[in-house]
2 protein chains.
Amino acid sequence: MANIQEVAQRAGVSVATVSRVFNNSSTVAKKTRLKVEQAIDELNYEPSVLGRNLRNSESRLLLVLIPSISNPFYSDIIRGIEDTAIGLGYNILLCETDSNPDRESIYFNLIRNRLADGIISMDPSVNKNKLIELASQYPIVQCSEFDEDSSISYVTINNELAAYHAVKHLIKIGQKKIALINSDEKFLYARERRRGYEKALNEYGLKVEADWICNTESLDFEDGKRAMRRLLDLFDRPTAVFAVSDMLAIGALKEVNSSGLRVPQDFAMIGFDKIAFSNMTHPTLTTIAQPMYKMGCISAKMIINKIQGKQVESIILDHELVIREST
Amino acid sequence: MANIQEVAQRAGVSVATVSRVFNNSSTVAKKTRLKVEQAIDELNYEPSVLGRNLRNSESRLLLVLIPSISNPFYSDIIRGIEDTAIGLGYNILLCETDSNPDRESIYFNLIRNRLADGIISMDPSVNKNKLIELASQYPIVQCSEFDEDSSISYVTINNELAAYHAVKHLIKIGQKKIALINSDEKFLYARERRRGYEKALNEYGLKVEADWICNTESLDFEDGKRAMRRLLDLFDRPTAVFAVSDMLAIGALKEVNSSGLRVPQDFAMIGFDKIAFSNMTHPTLTTIAQPMYKMGCISAKMIINKIQGKQVESIILDHELVIREST
DNA sequence: TTGAAAGCGCTAACAC
DNA sequence: GTGTTAGCGCTTTCAA
């Protein structure tokens with residue numbers, strides 16, 4: 001593969017001129033530019049990002065940390081990030097952390113190695129202290145997840161209000177015995193969504209039953225199934241469930257279906273996230289939509305602004321109730 | 001962030017010695033090594049990958065091209081690639097091409113820019129000629145997809161045989177009217193799976209009905225639904241379907257469910273891929289499992305061998321029939 | 001066992 | 001408008 005030297009030689013100019021042509025520096029005569037462009041074509045030349053980045057100490061690469069790419073929740077966010085970042089001349093390194101601290105440090109080192117210019121983190125169980133420490137030296141933003149007490153900028157939704165709307169919808173369609181399938185409340189969003197759930201119940205004079213609140217270990221289909229099993233085994237069964245994630249709701253739905261109850265006639269179900277699958281279940285799932293694509297776009301814009309030294313502010317976006325067959 | 005210079009200064013040695021310590025060169029005295037290691041610790045030094053790579057003209061980065069991260073088919077493969085690659089000192093750049101040639105060239109340029117050392121492509125609709133041209137200059141392997149007439153190494157399964165097994169399973173459980181929901185036959189795997197379908201029918205004296213073969217535009221849920229709708233509207237309806245992808249099968253299943261037919265009593269369904277979601281449907285989906293994780297591991301090993309100049313050979317792996325509720 | 005120095009490919013400051 | 005050259009951070013030869 002040709003380098004800038006050979007192009008310069010072939011075009012009969014200096015390397016500086018070749019560089020100027022590539023960077024659209026205006027101070028190149030048309031004739032010279034033409035000569036150079038021809039040489040570039042002939043040699044099929046592409047500048048080495050390595051050389052350029054070393055010189056400029058930037059890589060134009062963004063790290064995107066996610067726990068698992070198999071979680072469809074992240075698809076649209078990532079598309080938003082990619083579209084925005086590529087438009088602004090940055091490329092994306094998708095990093096699957098598996099919520100594993102070792103995996104995570106590998107990726108953290110990538111930014112300390114200057115192989116990436118910034119990080120967008122969507123990992124809720126990220127090593128908090130390390131992230132905060134890193135954020136004091138390098139550009140970092142959080143998307144969807146965030147820490148209340150750190151100064152890392154974020155983009156997210158109002159989880160409490162969204163949960164409140166979900167539960168209120170169940171109440172409005174006549175449900176009185178509403179259970180909550182929540183994830184581990186070590187996560188901020190889980191605590192917030194629980195608050196929203198309780199707020200709606202209180203507002204309509206419904207009692208919060210401890211038995212009707214399940215906490216799952218993770219957000220998998222199986223967790224949803226298990227939680228639903230537990231609820232159906234209760235003496236005083238609920239007749240509706242608000243699950244804090246569609247995957248949990250889909251697991252719960254599967255369990256309800258298997259038990260012979262009909263949805264929505266005998267049982268109502270509402271999820272959270274509006275993942276693509278939530279429209280493929282039988283029946284389709286009512287859910288809360290987060291503006292994922294937009295969240296991705298904004299977080300990309302945010303991190304790039306931060307990299308370029310601009311001031312950035314955290315943003316809270318609106319959610320939307322999507323009513324489908326399950327309620 | 002400290003650089004090698006500062007570490008050398010602090011340790012009272014030359015930069016060459018610091019480099020030796022970092023690269024485990026044996027020719028460093030214990031005492032010197034200790035001094036250097038202390039300086040490294042104190043300054044919290046991490047070598048710049050940019051500098052190192054420029055010098056060595058390697059990046060230890062692998063590109064993984066996939067059409068869409070939201071397709072769960074790729075999850076396990078990618079996990080296999082990651083586990084293997086990270087173990088061998090390489091990091092992964094996940095590239096979503098959206099099957100968009102423009103997107104694709106961005107990533108192709110990354111390797112021409114020496115920002116990546118090799119490519120694992122899983123994109124079936126990749127610009128074939130460009131990929132072949134690139135493969136003549138850079139290390140490239142194909143995973144799952146491949147071209148019969150190119151010399152690019154690949155790892156895949158025997159698609160014809162797998163389809164044959166799927167259809168044979170339907171026949172064995174008494175099905176006689178078996179439809180095929182296939183994707184676009186511009187893809188090699190689609191042509192191969194069709195051959196397997198026809199072979200099984202022929203072997204058991206069942207006629208191949210043109211009406212019972214649907215080709216879909218892409219592999220989405222909606223395509224499966226549409227295809228199933230068409231089949232159910234036929235005067236002479238099939239009573240079983242082999243879909244060449246779980247997503248298509250799940251769409252078809254949804255349509256069957258909605259039409260009031262019961263699965264598996266009135267209608268049998270078999271998919272392909274064993275994506276996680278195929279176990280979450282109602283009823284759960286019988287499917288053909290590809291050894292995805294293993295495919296990932298092998299393709300990673302393969303590309304790294306290729307990068308290191310070793311000879312590599314294409315591999316065909318075994319598949320497995322997973323019988324669940326839908327048949 | 002260690003150091004000096006060249007050079008990987010590029011950009012930008014400076015000179016002409 | 002263009003060329004010369006220093007230097008980004010590192011590894012590796014060569015010499016001591």
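Any value given below was found using the heavy atoms of this structure, including those in side chains, with hydrogens, waters and symmetry copies removed. Each chain gets a letter, A, B and so on, in the order its sequence line appears, and its residues count up from 1.
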Nearest-Å distance for atom pair CZ/P, residues A:Phe22 and C:dT11: 9 Å

Checking B:Leu63 against B:Ile120 for the side-chain contact (heavy atoms from CB on, under 4.5 Å) test, could you report, in this order, the C-alpha distance in whole Å, the side-chain angles of both residues, the deciding distance, and whether it holds? CA-CA 6 Å; B:Leu63 254 43; B:Ile120 297 175; over 6 Å; no

Could you tell me whether A:Asn23 contacts a base, only the sugar-phosphate backbone, or nothing, with contacts defined as non-hydrogen atoms closer than 4.0 Å? sugar-phosphate

Check: B:Glu96 side chain, B:Ser68 main-chain N or O, donor-acceptor pair, under 3.5 Å: no

Return the value, rounded to whole Å, for the distance between atom CD1 of B:Ile4 and atom P of C:dG3. 12 Å

Nearest to the side chain of A:Ser14, heavy atoms from C-beta on, is which of C:dA12, C:dT1, D:dT4? D:dT4

Counting side-chain heavy atoms from C-beta on, which of C:dC10, C:dC8, C:dT11 comes nearest to B:Leu54? C:dC8

Applying side-chain contact (heavy atoms from CB on, under 4.5 Å), run through B:Asp149 and B:Lys128 and close with a yes or a no. CA-CA 11 Å; B:Asp149 47 350; B:Lys128 211 170 141 176; 3.6 Å; yes

Under a plain distance cut-off of 3.5 Å, with no hydrogens placed, do B:Ser59 and B:Asp117 share a side-chain donor-acceptor pair? yes

My understanding is that only residues two or more places apart in sequence, or in another chain, count here; which of them pass ring pair (Phe, Tyr, Trp, His ring centres under 6.0 Å) with B:Tyr154? B:Phe146

Which whole-number value in Å describes the distance from B:Arg52 CZ to D:dT11 P? 5 Å

Pick base, sugar-phosphate or nothing for A:Thr17, based on heavy-atom distances below 4.0 Å to the nucleic acid. sugar-phosphate

Nearest-Å distance for atom pair CZ/P, residues B:Arg20 and D:dC10: 15 Å

With distance as the sole criterion, is a donor-acceptor pair present between the side chains of A:Asp123 and A:Thr97 under 3.5 Å? yes

Donor-acceptor pair between A:Asn91 and B:Tyr107 side chains, under 3.5 angstrom: no

Can you tell me the distance, in whole Å, between the CG atom of A:Asn56 and the C1' atom of C:dA12? 9 Å

Stepwise, does the side-chain contact (heavy atoms from CB on, under 4.5 Å) test hold for A:Val13 with A:Thr32? CA-CA 8 Å; A:Val13 299; A:Thr32 321; 3.8 Å; yes

Identify, residue by residue, the members of residues 37-51 of chain B with a heavy atom below 4.0 Å from DNA chain C, and return them in order of residue number, or none. none

Any chance the side chains of A:Asp273 and A:Gln290 put a donor and an acceptor closer than 3.5 Å? yes

Given atom NZ of B:Lys30 and atom P of C:dT2, what is their separation to the nearest angstrom? 13 Å

A:Val18 near the nucleic acid: base, sugar-phosphate alone, or nothing, with a heavy-atom cut-off under 4.0 Å? nothing

Can you tabulate the close N/O pairs, meaning under 3.5 Å, that link protein atoms to atoms of nucleotides 5-7 of chain D?
residue: D:dG7; atom: N2; partner: A:Arg55; partner atom: NH1; Å: 3.0
residue: D:dG7; atom: N3; partner: A:Arg55; partner atom: NH1; Å: 3.4

N/O donor to acceptor pairs below 3.5 angstrom from side-chain atoms of residues 136-145 of chain B, sequence neighbours left out:
residue: B:Ser136; atom: OG; partner: B:Glu133; partner atom: O; Å: 2.5
residue: B:Gln142; atom: OE1; partner: B:Asp147; partner atom: N; Å: 3.4

Starting from the first five and the last five pairs of the helix from C:dT1-D:dA16 to C:dC16-D:dG1, work out the angle between the resulting helix axes, to 10 degrees. 40°

Taking salt bridge (Lys or Arg N to Asp or Glu O under 4.0 Å) as the cut-off, I'd like each qualifying pair that reaches into residues 300-312 of chain A, sequence neighbours left out, listed once. none

